[in-house]
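The shown structure was predicted, so the numbers you read here are calculated from the model rather than taken from an experiment.
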Amino acid sequence: MSVFQDSEELIKYLGALYDEAKCDPEIAPKIKQSGLSIQYRYDDPAGIVSILADRQPTQEGAFFDVVWGEVAGLKPDVVMSMKADIAHQFWHGTINLMAALTRRQIVAKGPIPKIIKLLPAVTPMYEMYPRLLKEMGRPELVVSKK
């Protein structure tokens with residue numbers, strides 16, 4: 001059984017993570033500096049989210065926009081496809097990106113070195129995500145690190 005019951009739950013919990021990250025003074029400027037548009041395509045359940053660091057954000061206080069669903073005319077610099085459960089584990093810091101790419105748990109299209117360069121910027125999200133799950137009343141979804 002998947003971590004997320006449906007697409008709505010996927011958007012609720014991963015959306016909270018991305019929404020906090022886009023305004024975080026430690027994380028967001030580094031992502032913005034990349035100038036990349038990154039699209040995550042999730043399966044089981046399905047969801048598409050785009051991180052648009054290649055343009056001016058529309059939200060006050062945000063460094064970039066986060067858009068769920070297809071974005072008309074968007075040709076993302078990077079597309080990363082994976083099962084939603086892999087994303088859930090990744091944002092806990094329990095999945096190594098290079099190993100996941102090698103095992104094809106994550107399939108990436110685009111300039112992979114630029115994505116790898118962003119890893120230090122997103123590392124604080126590994127603590128942010130479990131905290132958000134607990135705050136949102138879902139502590140049972142928190143993955144313990146071994």
Evaluate Met82 against Val107 for side-chain contact (heavy atoms from CB on, under 4.5 Å), listing each step before the verdict. CA-CA 7 Å; Met82 68 199 81; Val107 176; over 6 Å; no
Carefully, step by step, assess Leu52 and Leu74 under the rule side-chain contact (heavy atoms from CB on, under 4.5 Å). CA-CA 10 Å; Leu52 305 176; Leu74 178 66; 4.0 Å; yes
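A salt bridge is defined here as a Lys NZ or Arg NE, NH1 or NH2 lying under 4.0 Å from an Asp or Glu carboxylate O, and Arg131 with Glu127 fails to meet this definition. Remark: Glu20 does not engage Lys22 in a salt bridge, criterion side-chain N to carboxylate O under 4.0 Å. A salt bridge between Glu140 and Lys134 is absent, with no side-chain N of the basic residue lying under 4.0 Å from a carboxylate O of the acidic one.
For the pair Asp85 (side chain) and Val3 (backbone), a donor-acceptor distance under 3.5 Å is present. A donor-acceptor pair under 3.5 Å is absent between the side-chain atoms of Ser7 and the main chain of Pro45, judged by distance alone. Between the side chain of Lys32 and the main chain of Arg55, a donor-acceptor pair closer than 3.5 Å is present. A donor-acceptor pair is defined here as one N or O able to donate and one able to accept, closer than 3.5 Å; such a pair exists between the side chain of Asp6 and the backbone of Glu9.
Within the 4.5 Å cutoff, side-chain heavy atoms of Phe4 are placed close to those of Leu14. Between Val78 and Lys114 there is no side-chain heavy-atom pair separated by less than 4.5 Å. You'll find the side chain of Val79 reaches within 4.5 Å of the side chain of Pro76, heavy atoms only. For the pair Cys23/Gln59, a side-chain contact is recorded, criterion being any heavy-atom separation below 4.5 Å from C-beta on. Using a 4.5 Å heavy-atom cutoff, the side chains of Val122 and Lys30 are not in contact.
We find the NE2-CG distance between His88 and Leu133 to be 6.0 Å, quoted to the nearest 0.5 Å. Within the model, atoms CZ of Phe64 and CD of Gln56 stand 13.5 Å from one another, a figure rounded to the nearest 0.5 Å. For the atom pair OG of Ser37 and CD1 of Ile51, the computed distance is 10.5 Å after rounding to the nearest 0.5 Å. Atom OG1 in Thr123 sits 11.5 Å away from atom CE in Met128 (nearest 0.5 Å). Rounding to the nearest 0.5 Å places CG of Leu36 at 6.0 Å from CD1 of Ile115. To the nearest 0.5 Å, the span separating OG on Ser2 from CG on Asp44 amounts to 3.5 Å.
The cluster map of Ile, Leu, Val, Met, Phe, Trp and Tyr, joined by side-chain heavy atoms under 4.5 Å apart, puts Val71 and Met80 in different clusters. The hydrophobic clustering, which links ILVMFWY residues whose side-chain heavy atoms are closer than 4.5 Å, places Val67 and Ile27 apart. A single hydrophobic cluster is not seen to contain both Leu97 and Val143; linkage of ILVMFWY side chains at heavy-atom distances under 4.5 Å, directly or through other members, places them apart.
The minimum heavy-atom distance between Pro124 and Ala121, with the atom names listed, is CD-O, 3.3 Å. When all heavy atoms of Ala108 and Leu101 are compared, the closest pair comes out as CB-CD2, 3.7 Å. Nearest heavy atoms, Phe90 versus Ile95: CD1-O, 3.7 Å. Closest approach of Pro111 and Asp77 over heavy atoms only: CD-O, 3.2 Å. Of all heavy-atom pairs spanning Ile31 and Leu118, the tightest one is CA-CD2, 4.1 Å. Residues Arg41 and Glu70 come closest through the heavy atom pair NH2-OE2, 3.0 Å.
A donor-acceptor contact closer than 3.5 angstrom is absent between the side chains of Tyr13 and Trp91. For Gln39 and Ser50, the side-chain atoms include at least one donor-acceptor pair closer than 3.5 Å.
The distance between the ring centers of His92 and Tyr126 does not fall below 6.0 angstrom.
Among Val49, Ile86, Ile11, the single residue meeting the side-chain contact (heavy atoms from CB on, under 4.5 Å) criterion with Tyr42 is Val49.
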